[in-house]
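Beneath this line is the structure, given in structure tokens, with notes to follow.
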Amino acid sequence: MKKRLESLLIETLSKLVAEAKLPSDIPMKGLIERCRDPQHGDFATNLAMTLAKPTGMNPKVIAELIIENLPKDPLVRDVHLAGPGFINFFIDPKAQFSVIPDILKAGDRFGHSQRGQGQRIQVEFVSANPTGPLHVGHGRGAAYGAVVANLLAAIGFEVEREYYVNDAGRQMDILAASVWLRYLETFGEPVVFPSNGYRGGYVKGIAEALRKAVGDTLRHSAEAISKDLPPDEPQGGDKELHVDALVLMAKSCLGEDHYRTLFDAGLNSILEDIREDLSAFGVHYDAWFSERSLMETGAVQRSLDRLQAAGFLYQEGGATWFASTRLGDEKDRVVVRENGQMTYFASDIAYHLLKLEKGFDQIIDVWGADHHGYIPRVRAAIEALGSDQKKLEVLLVQFAVLYRGEEKVQMSTRSGEFVTLRELREEVGKDAARFFYVMRKSDQHMDFDLELATSKTNENPVYYVQYAHARVCSVFRQLDEKGLTFDGQQGLNELSLLTEPHESALLVTLSRFQELIEQSALQHAPHHLVHYLKDLASELHAYYNAHQFLVPDDALRNARMTLISAARQVIANGLRLLDVSAPETM
RNA sequence: GCGCUUGUAGCUCAGCUGGAUAGAGCAUCGGCCUUCUAAGCCGAGGGUCGCAGGUUCGAGUCCUGCCAAGCGCGCCA
């Protein structure tokens with residue numbers, strides 16, 4: 001309907017321009033908006049006011065000119081000039097009913113569209129280092145990324161979901177060293193654990209599994225290992241130097257093959273855990289991309305060659321630098337260190353080069369908000385590689401702060417005392433976790449109240465929406481008991497009986513769903529969908545309390561049940577996009 | 001110090017990218033279950049949209065300056 005009005009307006013404007021009653025350079029999009037207040041009709045345009053300035057005409061005069069020239073449309077009941085120059089449209093009620101057969105016909109696919117026209121988008125999200133289990137901070141990125149991907153797919157984009165596995169680099173080496181020490185402990189070796197190592201209990205589990213798999217082939221004397229290491233922080237040394245030396249010691253003691261065995265034991269175990277965890281959280285990927293493969297296939301070297309050829313690399317202080325300041329970054333960045341090692345950023349340049357080469361129309365990276373300073377250098381890299389940096393969209397997700405009622409839940413990664421995503425899921429359930437994570441604007445700090453998420457009371461928005469769905473299902477189950485029947489065809493024929501304000505409100509809300517999905521998807525803003533579902537549920541609950549559905553009058557009963565059946569479908573569709581269940585009973 | 005983000009009801013947050021009288025939930029107070037699930041509904045109170053300017057027919061929304069909070073500013077990842 002919105003589009004229909006828009007085309008009416010465009011037709012009118014074109015005519016007026018052709019007749020030289022209006023200048024030709026006037027905007028022709030985003031003309032129509034929904035009215036908040038029903039007194040103002042169903043739709044409105046502020047066109048006359050926006051034209052007042054460029055034309056130098058009185059907005060009311062322009063509005064009248066437009067109204068006079070507006071073509072007749074059987075679905076437009078009335079057009080008013082109001083306020084300082086708004087043009088209000090009153091839609092024929094018949095037009096509002098048409099959404100019901102649309103919903104029932106499209107079923108699970110209602111709300112989907114072809115807006116994306118099959119354009120390819122890659123959404124990369126979570127991508128947490130496989131050095132430990134996912135924690136609640138990752139959970140928000142997981143829920144957000146998954147829903148954004150669902151939304152984009154629903155409006156006709158071809159979406160690929162990818163996890164970037166940081167299976168190379170210093171942190172992974174530290175994990176390997178940590179596993180090694182725990183492994184040695186199982187033989188009773190007197191190990192002194194580094195203060196910068198991974199202390200989580202899961203490391204011991206990996207070590208025990210490793211011992212079962214390889215026996216004592218990786219065993220060395222703990223005393224011999226620690227003998228020549230620089231002192232750790234508690235001993236007045238530098239914890240970074242200490243742990244780096246430990247990693248080197250592990251590599252030299254074990255040799256390349258054995259070190260790889262150790263390294264992969266940690267990597268594979270944790271990655272497997274992450275996969276399972278995400279899967280249980282309803283998050284599924286099309287691809288798991290290995291950072292290590294970037295080195296092995298020479299992609300990193302190739303991307304550096306590209307930058308070199310484009311004249312963006314230079315040597316200084318023994319390191320190789322990328323001149324990102326020339327493309328808007330704050331300072332130039334090292335890509336190859338003095339010791340010859342590639343930086344993480346070098347891998348990331350290669351990673352983005354490959355993304356671009358895969359031909360995506362758009363690349364979306366979902367990052368923790370603490371990485372925002374990283375955006376300019378990645379954009380600079382894309383630009384330097386000769387691509388359009390507008391193809392990259394970085395979506396930032398703020399961490400959630402956990403509360404248990406009034407009390408903040410303390411978290412510390414170092415000591416391993418963080419709340420894992422798995423624990424959260426076990427405590428509040430997948431549905432509540434998913435719903436709560438995307439309820440707030442993603443780049444906004446949020447408080448996640450565990451007590452609220454678990455409470456089975458009216459305070460809990462998840463249950464509120466699910467309950468609306470279950471209620472409709474329950475009404476349908478009541479038919480038999482009451483000796484009544486439901487005739488869907490008659491319902492569709494008798495929709496004009498739905499004249500109560502509660503019914504009109506529901507119809508308007510249902511007709512908004514399609515554009516709401518588009519808006520949520522294009523703005524990468526799932527919270528709009530959550531708020532919509534709360535609104536829809538609220539209207540359904542209010543309707544339920546105000547009117548009886550299972551009335552003796554066949555025509556009215558069938559019409560009302562057709563309406564609530566459509567509402568149920570829309571709630572179910574919305575919840576499925578969030579990957580929250582739509583229970584039939586509660 | 002510089003950069004990014006945020007500041008809306010007692011609390012948690014929306015506010016459809018500049019529109020008409022700023023909304024919701026919770027909390028507080030008052031009502032509704034012999035009738036389709038009370039995990040629900042109806043009503044009341046509650047606001048200098050951080051502060052001060054500016055842009056225009058119109059600003060919570062845009063621009064500037066302050067104030068406050070968070071994050072970032074490695075040859076870490």
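- For A:Y374, the listed nucleotide lying nearest its side chain is B:A77; candidates were B:A39, B:A77, B:C13.
- Per the geometry, NZ belonging to A:K331 stands 4 Å off P belonging to B:G74, to the nearest Å.
- The separation between A:H547 atom NE2 and B:C32 atom C1' is 16 Å, rounded to whole Å.
- In this entry the distance linking CG of A:D332 with C1' of B:G74 reads 14 Å, nearest Å.
- Proximity note for A:H371 (side chain, C-beta onward) versus B:G70, B:C41, B:A77: the nearest is B:A77.
- B:U21 and B:C4 are spaced 36 Å apart, taking the C1' atom of each and rounding to whole Å.
- For A:R471 and B:A38, the shortest distance from a side-chain N or O to OP1 or OP2 is below 4.0 Å.
- Within the structure, a side-chain polar atom (N or O) of A:H527 is placed less than 4.0 Å from OP1 or OP2 of B:G15.
- Ion pairing of A:K355 with A:E124 is present here, as a side-chain N (NZ or NE/NH1/NH2) and a carboxylate O approach within less than 4.0 Å.
- Contact check, A:K60 against B:C57: no side-chain N or O comes under 4.0 Å of OP1 or OP2.
- Listed nucleotides B:C36, B:G15, B:A77 differ in distance to A:H528; the shortest reach to its side chain belongs to B:G15.
- Nucleotides B:G23 and B:C16, compared at atom C1', are 13 Å apart to the nearest Å.
- For the pair A:R568 and A:E584, the salt-bridge criterion is not met [side-chain N within less than 4.0 Å of a carboxylate O].
- Between A:T320 and A:L304 the shortest side-chain heavy-atom distance does not fall below 4.5 Å.
- A salt bridge is defined here as a Lys NZ or Arg NE, NH1 or NH2 lying under 4.0 Å from an Asp or Glu carboxylate O, and A:E503 with A:R560 meets this definition.
- For B:G30, the paired base is B:C42 (Watson-Crick or G-U wobble, both distances below 3.5 Å).
- Proximity of A:R337 to the phosphate of B:A77: a side-chain N or O atom is located under 4.0 Å from OP1 or OP2.
- A 3.5 Å limit on both hydrogen-bonding distances identifies B:C51 as the Watson-Crick or G-U partner of B:G65.
- Residue A:N460 contributes atom CG, which lies 13 Å from atom P of B:A39 at whole-angstrom precision.
- B:C33 takes the syn form, because its glycosidic angle lies no more than 90° either side of 0.
- B:G15 and B:G60: their C1' atoms are spaced 8 Å apart (whole Å).
- No hydrogens or angles were tested; on distance alone, a donor-acceptor pair under 3.5 Å links the side chain of A:H372 to the base of B:G3.
- Across all strands shown, B:C73 forms a Watson-Crick or G-U wobble pair with B:G1, both key distances being under 3.5 Å.
- Rounded to a whole angstrom, the distance from the C1' atom of B:C71 to that of B:C57 is 40 Å.
- Nucleotide B:A39 holds its P atom 11 Å from the CG atom of A:N545, rounded to whole Å.
- Between A:F43 and A:F90, a ring centre-to-centre spacing not shorter than 6.0 Å is recorded.
- If you find the closest nucleotide of RNA chain B to A:V551 and to A:S442, the one lying nearer the 5' end belongs to A:S442.
- Both A:G169 and A:Q548 lie close to RNA chain B; mapped to their nearest nucleotides by heavy-atom distance, the more 5′-ward contact belongs to A:Q548.
- Taking atom CG of residue A:L522 and atom C1' of nucleotide B:C16, one finds them 13 Å apart after rounding to whole Å.
- Contact annotation for A:A470: base contact, defined as any heavy-atom pair under 4.0 Å involving a base atom.
- Separating the C1' atom of B:G70 from that of B:G58 is a span of 34 Å, rounded to the nearest Å.
- Using a 5.5 Å limit on the distance between ring centres and a 30° limit on the angle between planes, the aromatic ring of A:H531 does not count as stacked on the six-membered base ring of B:A24.
- We find that OH of A:Y403 is positioned 11 Å from C1' of B:C11, with the value rounded to whole Å.
- Ring geometry for A:Y374 versus A:W367: interplanar angle over 60°, hence perpendicular rather than tilted (30 to 60°).
- Stacking of the aromatic ring of A:F86 onto the base of B:G19 is not found under the criterion of centres within 5.5 Å and planes under 30°.
- Within 3.5 Å, a donor on the side chain of A:N46 pairs with an acceptor on the base of B:G19, or the reverse.
- A centroid separation of 6.0 Å or more is found between the aromatic rings of A:Y163 and A:F125.
- With both ends at atom P, the span from B:A9 to B:C49 equals 10 Å, rounded to whole Å.
- In this model, the phosphate group of B:A14 is approached by a side-chain N or O of A:Q444 to a distance below 4.0 Å at OP1 or OP2.
- B:U17 has its base syn relative to the sugar, with a glycosidic angle deviating from 0 by at most 90°.
- Applying the Watson-Crick and G-U wobble criteria (two distances, each under 3.5 Å), B:U12 pairs with B:A24.
- Here the separation of B:A69 from B:G54, taken at their P atoms, is 28 Å to the nearest Å.
- For B:A20 and B:U5, the C1' atoms lie 31 Å apart once the distance is rounded to whole Å.
- Distance from the side chain of A:Y464 is smallest to B:C41 among B:C41, B:A77, B:C75.
- Between A:H531 and A:H528, the distance separating the two ring centers is not shorter than 6.0 angstrom.
- For A:N88 and B:A20, a side-chain-to-base donor-acceptor distance below 3.5 Å is present, hydrogens and geometry of angles not being considered.
- When the P atom of B:A27 is taken as reference, atom CG of A:D449 falls 12 Å away, rounded to whole Å.
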